[in-house]
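Presented below is the structure to which this report refers.
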2 protein chains.
Amino acid sequence: MARGARKPEFYEDPTNSLGYLARLTFRAFGRALQKRLAAKGVTIGQWRFLRVLWVEDGLTQRELSRRVGLREPTTVTALKGLEKAALVVREQSEEDRRRVHVHLTPKARRLRKQLMPHVAEVNRIALKGMSEDELQTVKRLLLKAIANLAEHNDDTIDLPDETP
Amino acid sequence: MARGARKPEFYEDPTNSLGYLARLTFRAFGRALQKRLAAKGVTIGQWRFLRVLWVEDGLTQRELSRRVGLREPTTVTALKGLEKAALVVREQSEEDRRRVHVHLTPKARRLRKQLMPHVAEVNRIALKGMSEDELQTVKRLLLKAIANLAEHNDDTIDLPDETP
DNA sequence: CGCCTATCGATAGTATTCTAAGCATTGTAT
DNA sequence: ATACAATGCTTAGAATACTATCGATAGGCG
């Protein structure tokens, strides 16, 4: 069980730390993507929500938060920006008046075709020289680490089930 | 060369996106670590600098920025906090009066033994169920993605050479 | 020397994200 | 039915990190 256990000193080298590597990876993707999206007038924060809504329009704010992986207050702020940019409209639910459903505008739907190629290109650059098998391993293990820590942190995140 | 190329639609599922997974991983580590460090009165931001300085005391602010992976203005702010917390002192270089060397205080050095076990524990939790080989793959590929994107972003980051 | 450029650090201003706490609405149990 | 708890969203306030820019020092070259 304690198979992969390491001495504390091991983690004094940042490149041995998955948290550190994840942070750098996240920022590197962010910077590369930012440049391309900015040309279309879209921020990274907006893009994250658009990506989810393109696939599943009409989610509530809470569902959105969990899909995107941000806290609810952050979602509120982000949605304000999206609404001001005329990319989404918010509709109060009829059955449960606490809920607010978020819907894309035609303008936002049109962005899908324009933005996704840039996303694919950033990924192409980032993943250059990696095999399909290696990529599968990386994704599976990151999901596992997220799940391991989420359980420990008592967090609620929406991720695909891995124990079907 | 375009071996792993994917259609744009592939990246509409966030769990296919390395950037998304890296962000969640980073945040999950951060939250878990934060709880433990807070008990010792240390913030995550401070911890990042301490880890580097424990191994290499007396770096300049620019060197620190690159080792830690943050921009210089962020480092300036962070060092102010560290100085106020009496964890570092800053000394102007004699040879080159532009430079400022950052040195740990005894208090900061004492924290090393207290903090590292918590870091190791968070890693133990996060990495549960992963083999040594798998971990090596993950780290190697994240470093590769970071390097791929850094080159493309014209970024300067200090990472171990991988083409000796 | 005297000027131009590069480097190091600091500042100003903004964007992002979080925690903690609050309101309104709904569900539940007595 | 009424009180209590849970849910969904919002607000307030703070921390973190960024871009753009500036001031001071150092190095190179005429």
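Numbers restart at 1 for each chain; the letters A, B, ... are given by sequence-line order, proteins then strands.
Residues forming a salt bridge (charged side-chain N to carboxylate O under 4.0 Å, His left out) with B:R36 (at least two apart in sequence, or on another chain): B:E121. Remark: A:A85 pairs with A:Q46, A:L87 by the side-chain contact (heavy atoms from CB on, under 4.5 Å) rule, at least two apart or across chains. For A:E72, the salt bridge (charged side-chain N to carboxylate O under 4.0 Å, His left out) criterion is met by A:R62, not counting sequence neighbours.
Atom CZ of A:R31 is separated from atom C1' of C:dT16 by 14 Å (rounded to the nearest Å). Between B:R97 atom CZ and D:dG27 atom C1' the separation is 15 Å, expressed in whole Å. Look at CZ on B:F26: it is 10 Å from C1' on C:dT17, rounded to the nearest Å. For A:R71 and D:dT10, the CZ to P distance is 17 Å, given to the nearest whole Å. Computed from coordinates, the B:Q34 CD to C:dT17 P distance equals 16 Å when rounded to whole Å. One can place CG of A:L70 at 15 Å from P of D:dC9, the figure rounded to the nearest angstrom. Atoms CD (A:E95) and P (D:dG8) sit 13 Å apart, rounded to a whole Å. The CD atom of A:E83 sits 13 Å away from the C1' atom of D:dT10 (whole-angstrom rounding).
For the segment residues 38-57 of chain B, no residue has any heavy atom less than 4.0 angstrom from an atom of DNA chain C.
Close to C:dC18, at under 4.0 Å from its OP1 or OP2, lies a side-chain N or O of B:R27. An OP1 or OP2 oxygen of C:dT16 is reached within less than 4.0 angstrom by no side-chain nitrogen or oxygen of A:T74.
A:L37 and B:L18 fall within the same hydrophobic cluster, defined by Ile, Leu, Val, Met, Phe, Trp and Tyr side-chain heavy atoms under 4.5 Å apart, directly or through other members. Cluster membership for A:L70 and A:V100, using ILVMFWY side-chain heavy atoms within less than 4.5 angstrom, is not shared.
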*When you check every protein heavy atom under 4.0 Å of nucleotides 1-14 of chain C, what one-letter string (B, S, -) results, 5' to 3'?*
-----BBBBBB---
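Residue pairs meeting the side-chain hydrogen bond (donor to acceptor under 3.5 Å, both in side chains) criterion with at least one member in residues 98-107 of chain A, sequence neighbours excluded, are A:D57-A:H103, A:D96-A:R98.
Nearest heavy-atom pair, A:G58 versus A:L53, reported as atom, atom and distance to 0.1 Å: N-CD2, 4.3 Å. For the pair B:P8 and A:A120, the tightest heavy-atom approach, listed with the atom from each and the gap, is CA-CB, 4.0 Å. Heavy-atom minimum distance, B:Y20 versus A:V68: CE1-O, 3.4 Å.
Among the atoms of the strands shown, none is found under 4.0 Å from any heavy atom of A:Q92.
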